[in-house]
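Each remark here refers to the structure printed beneath this line.
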Amino acid sequence: MFIDTAWAEIDLSALRHNARVVRELAPRSRILAMLKADAYGHGLLACAKALHEVTDALAVARLDEAEMLRQVYPHCPLLLTAASLDEDALRWCARHQVAVVVHESTVLETLLGLEQPPPVWLKLNTGMNRLGFDAPAFLAAAQTLRARGVEPVAMSHFASADEADPAPTRAQIAAFDAVVPDELPQSLCNSAGLIAFPEAQRDWVRPGIMLYGANPLVDGPGPALRPVMRLQARVLAVNPVGPGDAVGYGRTWRAGSGGRIATLGMGYGDGYPRVPGDGARVWIKGQLHPLAGRVSMDLLAVDIGDRQDIAVGDVATLWGPELPVEQAAAAAGTISYELLCRVQRRVSRVYREA
């Protein structure tokens with residue numbers, strides 16, 4: 001059996017724990033678990049298996065992901081959120097009872113032309129200004145769908161529920177409530193929304209990033225979530241460097257008083273940021289160490305100082321319980337969502353139960 005160079009350990013028990021946290025935070029709502037982008041890089045089918053019995057429905061953003069889930073779970077409630085839907089796609093969704101998000105008139109007209117439309121989530125634009133009907137068009141669409149016997153779930157999407165200023169989100173909630181009839185099932189909250197704005201939880205909540213153990217709030221503590229992914233790589237070499245020695249492409253990093261460099265089998269070809277930021281750290285055998293030089297396609301170098309206990313074959317953690325992905329993302333000037341989603345397929349996924 002081969003020894004992996006780089007892998008992502010996925011803790012399915014942590015995934016279910018985080019779903020239970022959602023249930024505790026929103027006890028009166030049903031949970032739509034967001035599994036788009038290959039379950040945020042964690043593996044679609046494995047995460048669906050872990051979540052479909054502890055949540056109320058699953059959601060993906062591409063038709064091929066919906067097809068994969070339908071083959072395995074023919075009766076699980078499933079929503080398709082951001083796909084391009086022509087008549088053939090809508091017929092497939094209707095045939096397989098895959099609900100679709102309808103956010104504009106072309107899809108609505110095509111859907112209404114079907115003998116048996118699929119279930120519908122109808123999107124109202126309350127300020128995100130990407131997708132969604134304006135208020136008059138939303139009400140007309142809801143009325144038309146109901147006349148056809150389709151009871152839509154009214155939905156919208158928060159633009160800044162993760163940020164400290166609550167005013168924009170409260171304005172979106174007010175805009176939603178001013179338009180949507182009380183009798184329609186409703187869904188507003190993403191991960192940040194269901195934590196920071198419990199009054200907006202309504203009939204359905206749509207957790208995404210928090211299921212995978214990352215805090216969705218920009219500022220302030222989040223709930224007691226458990227990281228699901230631990231991204232790891234082997235130490236491939238340990239070499240001494242003298243004072244002033246350069247490391248990596250471009251010779252951009254130089255050793256101060258000398259020390260040792262551990263080279264890991266992880267690079268931007270695996271999805272690690274090519275520009276990880278000055279604060280980027282790697283966890284090796286109980287300590288954090290800074291990167292040394294540029295990240296290359298397959299390798300990155302770590303300044304381990306004068307440590308003598310690190311050797312070829314040792315395991316480094318790029319993010320995980322020891323080093324939160326939020327910290328790695330902040331150092332790289334991005335967000336945890338992006339780092340998790342960009343982990344490439346050549347990085348093995350290893351699934352376990354804690």
Side-chain angles (χ1 to χ4, degrees), residues 3-15 17-18 40-42 209 212-215 221-222 224-239 241 247-248 253 255-256 259-296 298-344 346-352 354:
I3 298 175
D4 282 334
T5 300
W7 66 98
E9 186 179 87
I10 308 299
D11 183 351
L12 297 175
S13 64
L15 187 65
H17 164 84
N18 297 334
Y40 289 52
H42 292 69
I209 193 66
Y212 306 99
N215 182 4
L225 303 171
R226 288 168 46 189
V228 176
M229 180 187 290
R230 180 188 271 113
L231 183 64
Q232 299 184 293
R234 297 277 178 191
V235 175
L236 302 184
V238 179
N239 290 306
V241 288
V247 174
W253 184 95
R260 287 157 62 83
I261 295 294
T263 300
L264 309 184
M266 172 68 64
Y268 62 76
D270 301 291
Y272 193 80
R274 181 177 178 272
V275 184
D278 292 339
R281 298 289 185 269
V282 171
W283 178 274
I284 307 178
K285 298 181 76 170
Q287 294 183 34
L288 292 172
H289 294 281
L291 274 62
R294 292 179 179 171
V295 174
S296 58
D298 308 303
L299 304 168
L300 60 83
V302 179
D303 178 6
I304 60 172
D306 60 358
R307 287 187 68 178
Q308 301 296 315
D309 62 330
I310 295 174
V312 170
D314 284 342
V315 176
T317 297
L318 288 304
W319 59 72
E322 305 89 348
L323 177 58
V325 66
E326 298 95 322
Q327 292 183 20
T334 185
I335 56 176
S336 58
Y337 305 70
E338 182 182 2
L339 290 193
L340 295 172
C341 289
R342 70 191 292 177
V343 177
Q344 297 297 300
R346 75 170 184 170
V347 177
S348 304
R349 270 55 170 187
V350 179
Y351 296 96
R352 70 177 183 88

Determine the minimum heavy-atom distance between [X] and [Y], stating which atoms define it.
| X | Y | answer |
| --- | --- | --- |
| Pro227 | Pro321 | CG-CA, 4.0 Å |
| Val247 | Ala292 | CG1-O, 3.7 Å |
| Val235 | Ala262 | CG1-CB, 4.2 Å |
| Arg342 | Gln344 | O-NE2, 2.8 Å |
| Pro276 | Pro273 | CD-O, 3.7 Å |
| Val241 | Ala255 | CG2-CB, 3.8 Å |

Please report the interatomic distance [atom1]([X]) to [atom2]([Y]), rounded to the nearest 0.5 Å.
| X | Y | atom1 | atom2 | answer |
| --- | --- | --- | --- | --- |
| Arg260 | Asp303 | CZ | CG | 11.5 Å |
| Leu264 | Leu291 | CG | CG | 7.5 Å |
| Leu231 | Ile10 | CG | CD1 | 9.0 Å |
| Asp298 | Met266 | CG | CE | 10.5 Å |
| Thr5 | Asp270 | OG1 | CG | 9.0 Å |
| Leu340 | Met229 | CG | CE | 5.0 Å |

[Y] backbone acceptor or donor facing [X] side chain under 3.5 Å:
| X | Y | answer |
| --- | --- | --- |
| Glu326 | Asn215 | yes |
| Gln308 | Asp306 | yes |
| Lys285 | Asp314 | no |
| Asn18 | Arg226 | yes |
| His42 | Arg349 | no |

Inset, instruction - Report the relative orientation of the aromatic rings in Tyr337 and Tyr40; use parallel for angles under 30°, tilted for 30 to 60°, perpendicular for over 60°. - result: tilted

Legend entry - Asp278 atom CG: more than 12 heavy-atom contacts under 6.0 Å: no

Inset, instruction - May I ask you to check whether over 12 heavy atoms, not counting those of Arg274, lie within 6.0 Å of atom CZ? - result: no

Inset, instruction - Evaluate the criterion side-chain contact (heavy atoms from CB on, under 4.5 Å) for residue pair Gln327 and Arg281; output intermediate values, then yes/no. - result: CA-CA 9 Å; Gln327 292 183 20; Arg281 298 289 185 269; over 6 Å; no

Legend entry - Listed partners of Tyr272 passing ring-ring contact (aromatic ring centres under 6.0 Å, His included), at least two apart: none

Inset, instruction - Pick out which of Thr317, Val302, Leu323, Ile304 makes a side chain to side chain contact (heavy atoms under 4.5 Å, CB included) with Val282. - result: Val302

Inset, instruction - Mind running side-chain contact (heavy atoms from CB on, under 4.5 Å) on Arg234 and Val315 for me, showing each step along the way? - result: CA-CA 5 Å; Arg234 297 277 178 191; Val315 176; 3.4 Å; yes

